[in-house]
Every structure is written in structure tokens, then in C-alpha cells.
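What you see is a predicted model; the values in this text were computed from it and never measured. Protein chains get the first letters and strands the later ones, always in sequence-line order, with residue 1 at the start of each.
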Amino acid sequence: MTDLAQDAQLPDENGHFGVYGGRFVSETLMSALDELRDLYARMKNDPAFQAEFDRDLAHYVGRPSPLYFAERWTKEVGGAQIFLKREDLNHTGAHKVNNTIGQALLAKHMGKPRVIAETGAGQHGVATATVAARLGLECKVFMGAEDVQRQALNVYRMKLLGAEVMPVEAGTRTLKDAMNEAMRDWVTNVDSTFYIIGTAAGPHPYPMMVRDFNSVIGREARRQSLEQTGKLPDALVACVGGGSNAIGLFHPFLEDDSVAMYGVEAGGLGLETGQHAAPLSAGKPGVLHGNRTYLMEDENGQIIGTHSVSAGLDYPGVGPEHSYLKDTGRASYVSITDDEALAAFRKLTRIEGIMPALESSHALAYAEKLAKTMSPEQTIVVNLSGRGDKDIHTIAGIDGITV
Amino acid sequence: MSRIKSYFENLNKAGKKALIPYITAGDSYLESTVPLMHSLVDAGSDIIELGVPFSDPMADGPAIQLACERALEHGTSLTDVLACVAKFRETNTTTPVVLMGYLNPVEIMGYPAFAEKAASSGVDGVLLVDLPPEEAADVKPLFESHSIDTIFLLAPTTSENRTKLICEHGSGYVYYVSVKGVTGSSALDADEVAKKVAAIQDQTDLPVGVGFGIKDGATASSVAKVADGVIVGSVLVNAIAESASQNLSVEDTCQKVSAIIREMRAAMDQE
């Protein structure tokens, strides 16, 4: 294992986490990335900026989010005590808003009148449209045409918030294609536009920046664990699509080597079927969307289609820091199938009265397996990254019900 | 000396500018790529940029996105593209060929394997859109050792300092992207391009090619007045797409594309 204290300081000045990360974009964007990197380097250590960010998180988002002991579920599962980090209770219903608040503040400081975003499940799109409405910024959200279909509720929310939603018909019509199209828009409107990337991926400084803004999750969970249980948790569990909620939870614990970390990828119909979205579990390293990271790709380097019941995990890449943590062994990456995630969704809803997002349901399903292998004195923190309201249409469809 | 460098020197002596067409390999059929390359040369092209199809061409507009989709429909791989260059070289040993595309197919083949195969196939230069000089430290010496030029992009947003850095790292020529946008964008501002190209030429002895927004004889000749090379892509790719939708033969497709090149060549040479 590598030096954990050193790893916690990554990326290096060029945005590399070991061999991962970096800036692999066309030249037109390089100066915008330089500008953003320099601005963020200043703001990161600027007490006034941090105070503004903290104030928004407290009074607009409603932080800190609770760390909730899921007692009845713990009893039902048998084994370690399971705590839920309730990011679903944030304004707009997911962890995504932590990051959009931060990036929108940067856009404001740069004087950009227009923001764009890509979105899969629509949670990041809604969180971006929300902060754009609040700051009076023009907002355009790119969304794969297939996701527009399966996340109709979030599409309408974005429109109500004043954003333009652009369905993307190219390629596989999901999140990766939305990101391609957002990049193309950014290249074209780079002077006026701030690109609010929704996950801890993309060219440097995005993976670092998105991680930093979401690290409030892990900082709170660490403090709350100490307060409520008198010790650090034994394990952390979070779902990983691009990996922003997971890295936000993991990062403040990186140096606590007693804390095990599990990132849960979308196993779709099962890794053996190829119908999944689990690049860390079943892919290999490559370069896409501005960074080097694990990807789902064929033997010729073409990116291949992914499948997951949850639109937010339906992405062929993953944030570069996760690739690094996988290789160093500091975090473990596992997968959960559609069916297992759906079962966890129903179970938590019925046992705890909490309806989780399908993305977060992957983390819950794995936590259940993990808890059974642990003792009752041990504790697990699961990142309940979003609420499930947006998925009711999907669930109802599976049940054969039209709502 | 690389084939690209000596080619530019000869053009310079003759008082001519380079006409550099781009087509995507495997579009619309793998069998049409080599005949198209020869037609481009016969119609007056100087250097060929041969596109390596990629599933996620982030810097390209709809025309080249669709070209990639057509090429990938029948599985055109980097290995296939290199085979096209080798076949082209059987009868043409003078026209420089530059592979243009995205990094990942090259990354997956492996850099040493790619450099070796590219050189033995007769590739003269490589332009990887998403590989800026900052990330090319390991790749460039490898290409160099196989006498392959590494061509980098310059953009309207590139600062003076970066221009210098990029020109120092590049070889063969530098590719100035004339507009902020994706390939196939319209509206090229000739005066603005002239200013930028002059500023680049102040920094480097490398030839400067200009691409994006060149679609006919008039735009080609206005760019030829100020730059060393004129790069044209989407208009050719659109003609190939049209031919495919009309089920034209390879010969007819070649003729259609040649007509566009001939018009540009004539307009560029009319000075």
C-alpha cells in the first residue's frame, strides 16, 4: 500500500492521481481549464469564499445532513450496525447540490452569465438548474434522449426552474453522449460559459474540485460517527457511477486506515452478461472525457454501451481518483445487479420508511451483504446519496402500473 | 528529414500552399478509403489527414460524428486504418499521410506497438485531438524515434505563452483551429485568421495549416493567402455521406470529392 498521507494530497499539480486523471482535451479548452485551475487554487484557500460556500450549504441546502442509525433495518439484516448518511434530505434531493453550489459560486466569481451541465438521472441537472435560477444564470442541460424518457419528472423540474433541456440523440443516447455534447457546447461558447461537471471526472481540475465540494459528506460523517458511536466507522459504502458521492464520503477518511471503503458499481444484468456499467470491476484503463481512468471499451478502444436500471450509474467511465484507489487497494470496488438494487429499494422503503434513489440502492444492497459478515459491535456508514421520488415511474413500470 | 518537412519545403520553393483534405477512414466502406486517398491526390491535394474513427468524437460536429458512426458500423479499427495507409503506400510514396483522431484507440493498441506499426505502414504524422503537449511527454519521443511527426492544435483561445510551448513541442506543421467550436462550424473570419497566423509564424518556423470553416474555393483561397496550408474536412465528409445515401459507386464518390478539391486547388493557385 502507498503512503496514505501522501495520497490524500493528490492530485499533483497537473491533475494526476498516479497514472490517472490529467487533462486530455482539445486545445480550445486548455486556456479555460488553466483559468479555472488558477481561480480554484485561489478560492480553495480563500476564507471568504469558503464562508460563502459553508453559508449556502447550511441555509440553502440544509446541512449538516443527519447520520441516521437504521435500527430496524440493522436488526432485520443481522450483523454490523448500519448508519445512513442522509444526502437525500438535501435541498433538491441528492448530494449533487453540494457541488453545484460550489461551482456556481466559481462561475459567479468568473463573471460567466451562462452555465451548462450534463445529466444522467437528472439529479445533477436539477441541482444545476436550481443554483442557476438562484443566481440568475442562463442554464442549458444536456441529457441523453433515453434518459429524458425514463426521468421525465426531473426533465420537467428543470424546465420549471428555467433551464433549457437538450435531449441528445447521438451514440447510446445516455450520460456519456450528454457529456460529449456539453463539451461541444463549451468549446463553442467558452468565453461566456461555465461548464458545471456533475461528477468527479473530466479534465483537471474537475475531479479534484467536485471531490472537494462533496467532501463535506465525509467530514460530517466522520464527526457524526465519533459523536454518536464514539469511534470511526469500520466500513464506508457508496455507489459509484462517476463516483462523486463516493469520493465525497471516502476522501476525509483516506488516512484512517482502519476504515474500509467499498465503492459499488452498477452490475446491471450481471457482469458475466456484459450488460452493466462497472468499469472498475470489469473494464480497463483508457482516455475519455478529458481524463485517464478505467473505462468500458472494446479491444479497439471504442467506448461500449452500458446498462443499468439507474440512469445515474449508466456511464462507461469513472472518476480518476477511484481508479487510483482501486490500484493502490485503499478502496475495494464491487458490483450489485439491477435486481439486487431493486430489492434493496423496496426493503428500505418498507422497513425504514425511507425511499432511496436507485443509485443509492446499489450501495444499500451491498451494505446488507457486508453487514452480515461483520459483528454487531462494528458499524457501517452507507451514503444514501439521493431520494427515490424520481424513480417512482421506473419502479411502477416494473410493477406494471401506470402512474 | 520527415516527408512532411521536405514536402513543405518543395511547395515553398514552388510558391504554392498545401491543400490538406481530411476524410474518415472506413467511411462509408473500408474498401473506398484507399481509392478516395488516391483521388484526393490526383485532384491536387498535398497531404492527407486520415481520420481514425472513434465512438465519442467530442471535438467534432455532426458531419464527422456521423462519419465515425458509419465507419464503426462495420467495425473499422485502428489496425484497419493502418492497413489502408500501407495499401496507399504501395503506389504512392510521396504524399505525406497524417493520422488524425482521438487518443483512446492508440492508447489501447499501446504506444510502442502503434508507433512501430504506423511507421512501417508509411504514416508520417499523428494528430491526436485530445492529447495536448502537457500529456504527450512520453508519447512524443517515441513517435520521434520512428520519424513520425507529432502535430498539435492551436486555437483562438491559445495564449502567446502556450503558442510558444506548443510550437516547441510540435513537428511537421501546426494546425490552427480557426474558430471556437467543433468541426463543421461556419463563419471563419479571414482577417482574424490572418492576424493569428502571423502571430504564430512569429513564434515558429513550422508551417501553419488552418482548418475549421473552409468549405469552398473562396474560403480556401482566402486562407491560402495567409497560411502555409489549407485543411478541409466536413465538406468532403458531407459529400461522402451524400454519396452513401444515394448508393453511388466508389468511382462516383471519388469523382464527387475530387471536384471539390479541384475547385479549391484552382482557387488557391490563382494568385
When A:Val287, A:Asn300, A:Asp298 are compared by non-hydrogen pairs under 4.5 Å with chain B, the top option: A:Val287

Do any of residues 109-120 of chain A have a heavy atom less than 4.5 Å from a heavy atom of chain B, and if so, which, in residue order? none

Most contact-rich option vs chain B, by heavy-atom pairs under 4.5 angstrom, among A:Leu29, A:Leu288, A:Asn14, A:Val187, is A:Val187

What is the ring orientation for A:His289 with A:Tyr315, classed by angle as parallel under 30°, tilted 30 to 60°, or perpendicular over 60°? parallel

Checking A:Val190 against chain B: side chain, backbone, both or neither under 4.5 Å from a heavy atom? side chain

Can the positive tip of A:Lys326 be found less than 6.0 Å from the middle of the six-membered ring of A:Tyr294, inside 45° of the ring normal? yes

Tell me, with the steps shown, if B:Glu134 and B:Arg162 meet side-chain contact (heavy atoms from CB on, under 4.5 Å). CA-CA 10 Å; B:Glu134 286 89 337; B:Arg162 272 192 70 77; 2.3 Å; yes

Side chain / backbone / both / neither for B:Pro53 at chain A, heavy atoms under 4.5 Å: backbone

Which answer fits A:Glu297, side chain, backbone, both or neither, if we ask what part of it has an atom under 4.5 Å from a heavy atom of chain B? side chain

Which portion of A:Pro285 sits near chain B, non-hydrogen atoms under 4.5 angstrom: backbone

Determine, step by step, whether A:Glu181 and A:Arg184 satisfy the salt bridge (charged side-chain N to carboxylate O under 4.0 Å, His left out) criterion, reporting the C-alpha distance in whole Å, the side-chain angles of both residues, the deciding distance to 0.1 Å, and the verdict. CA-CA 5 Å; A:Glu181 211 53 40; A:Arg184 291 181 188 121; 2.7 Å; yes

Are B:Phe143 and B:Phe114 an aromatic pair by the rule of ring centers under 6.0 Å? yes

Give a yes-or-no answer on whether the side chains of B:Ser171 and B:Tyr173 include a donor-acceptor pair shorter than 3.5 Å. no

Which atoms of A:His16 come close to chain B, meaning under 4.5 Å heavy atom to heavy atom: side chain ones, backbone ones, both, or neither? side chain

More than 12 heavy atoms of other residues, nucleotides or ligands under 6.0 Å from NZ of B:Lys215: is that the case? yes

Select, from A:Asn189, A:Asp177, A:Asp191, A:Ile304, the one with the greatest count of heavy-atom pairs under 4.5 Å involving chain B. A:Asp191

Between B:Met109, B:Glu69, B:Glu107, which residue shows the highest count of heavy-atom pairs closer than 4.5 Å to chain A? B:Glu107

Per-residue contact mode, A:Leu295 against chain B (heavy atom under 4.5 angstrom): side chain

Where does B:Leu103 contact chain A at under 4.5 Å (heavy atoms): side chain, backbone, both or neither? side chain

Can you find a side-chain donor-acceptor pair between A:Tyr206 and A:Asn291 that sits under 3.5 Å? no

Quick one: what part of B:Leu72 sits under 4.5 Å from any heavy atom of chain A, side chain, backbone, both or neither? side chain

May I ask you to check whether A:Ser308 and A:Asp314 show a side-chain donor-acceptor distance below 3.5 Å? no

Is atom CD of A:Glu13 surrounded by more than 12 heavy atoms (other residues, nucleotides or ligands) closer than 6.0 Å? no

Regarding A:Ser281 and A:Glu265, do their side chains bring together a donor and an acceptor under 3.5 Å, going by distance alone? yes

Just checking, any donor-acceptor pair under 3.5 angstrom between side chains of A:Ser31 and A:Asp34? no

Closest-packed option against chain A by number of heavy-atom pairs under 4.5 Å, given B:Asn104, B:Ile108, B:Leu66: B:Asn104

Chain A contact via B:Ser159 - which portion, at a heavy-atom distance below 4.5 Å: neither

Classify the ring geometry between B:Phe212 and B:Tyr175 as parallel (under 30°), tilted (30 to 60°) or perpendicular (over 60°). perpendicular

Which portion of B:Ile166 sits near chain A, non-hydrogen atoms under 4.5 angstrom: side chain

Tell me, yes or no, whether the heavy-atom count around A:Gln149 atom CD, taken from other residues, nucleotides or ligands under 6.0 Å, exceeds 12. no

Using heavy-atom distances under 4.5 Å, tell me whether A:Asp185 contacts chain B through its side chain, its backbone, both, or neither. neither

